[in-house]
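Structure, as structure tokens:
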Amino acid sequence: MSIPFSNTHYRIPQGFGNLLEGLTREILREQPDNIPAFAAAYFENLLEKREKTNFDPAEWGAKVDDRFCNNHAFKEAKPPEEDAPEKVRSQESTKEEEVPVTALSSEEDEEKRELAAVNIQAAFRGHLARKLVKNMKSVESEKEEKM
């Protein structure tokens with residue numbers, strides 16, 4: 001005799017899904033060996049950025065998600081760039097500090113783009129070759145049917 005599962009549905013706190021999506025994206029990008037340590041470092045870095053810029057990505061993500069259900073979320077608060085000029089300045093200063101890191105990753109990104117382009121081109125060439133072979137086979141079968 002089987003026991004039915006409970007109909008209990010847990011609610012995910014607003015912004016939590018966005019935080020996990022960000023963590024997942026970074027884990028997939030970086031491919032770390034020690035995921036719990038990477039997650040701890042990721043959230044510490046996120047906390048430092050939040051304290052420096054007074055911008056909470058979880059809160060903003062919750063408002064973005066809420067926009068589909070309730071359009072009033074964006075009328076209450078503006079994005080951090082429009083809220084206060086000092087926040088923009090602090091974000092610009094953090095962007096300047098991150099420039100060397102992005103410069104290094106841009107070379108890696110370029111290599112990834114080139115590899116992706118090669119894969120796409122190879123897949124398309126394969127598609128064209130299969131299409132050509134299919135056409136050749138259909139022409140041969142038509143010739144055999146006529147004879």
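The basis for the numbers below is simple: all heavy atoms, side chains too, and nothing from hydrogens, waters or symmetry mates.
The side-chain heavy atoms of Arg50 and Leu47, taken from C-beta on, include a pair separated by under 4.5 Å.
With rounding to the nearest 0.5 angstrom, the CD atom of Glu26 is 5.5 Å from the CZ atom of Phe38. Summarising the geometry, atom CG belonging to Asn119 is positioned 15.5 Å from atom CZ belonging to Phe124; distances are rounded to the nearest 0.5 Å. Annotation: the span from Leu46 atom CG to Leu19 atom CG amounts to 6.5 Å, rounded to 0.5 Å. Taking OG1 of Thr53 as the reference point, atom CD of Glu48 lies at 11.5 Å (rounded to 0.5 Å).
For the residue pair Ser138 and Asn135, the shortest heavy atom distance occurs at OG-O, 2.8 Å. Minimum interatomic distance between Pro32 and Ile27 (heavy atoms only, all atoms of both residues): CD-O, 3.4 Å.
In terms of the salt bridge (Lys or Arg N to Asp or Glu O under 4.0 Å) criterion, Arg25 has no residue partners (sequence neighbours excluded).
A donor-acceptor pair under 3.5 Å is absent between the side-chain atoms of Glu111 and the main chain of Glu108, judged by distance alone.
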Residues Leu132, Met136; criterion side chain to side chain contact (heavy atoms under 4.5 Å, CB included); working and verdict:
CA-CA 6 Å; Leu132 180 65; Met136 289 173 29; 4.1 Å; yes
Can you check salt bridge (charged side-chain N to carboxylate O under 4.0 Å, His left out) on Glu110 and Arg113, steps first, answer last?
CA-CA 5 Å; Glu110 186 63 33; Arg113 285 187 198 122; 3.5 Å; yes
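Residue Phe43 places its CZ atom among more than 12 non-hydrogen atoms of other residues, nucleotides or ligands, all under 6.0 Å distant. Remark: Asp33 CG is loosely packed, at most 12 non-hydrogen atoms of other residues, nucleotides or ligands lying under 6.0 Å away.
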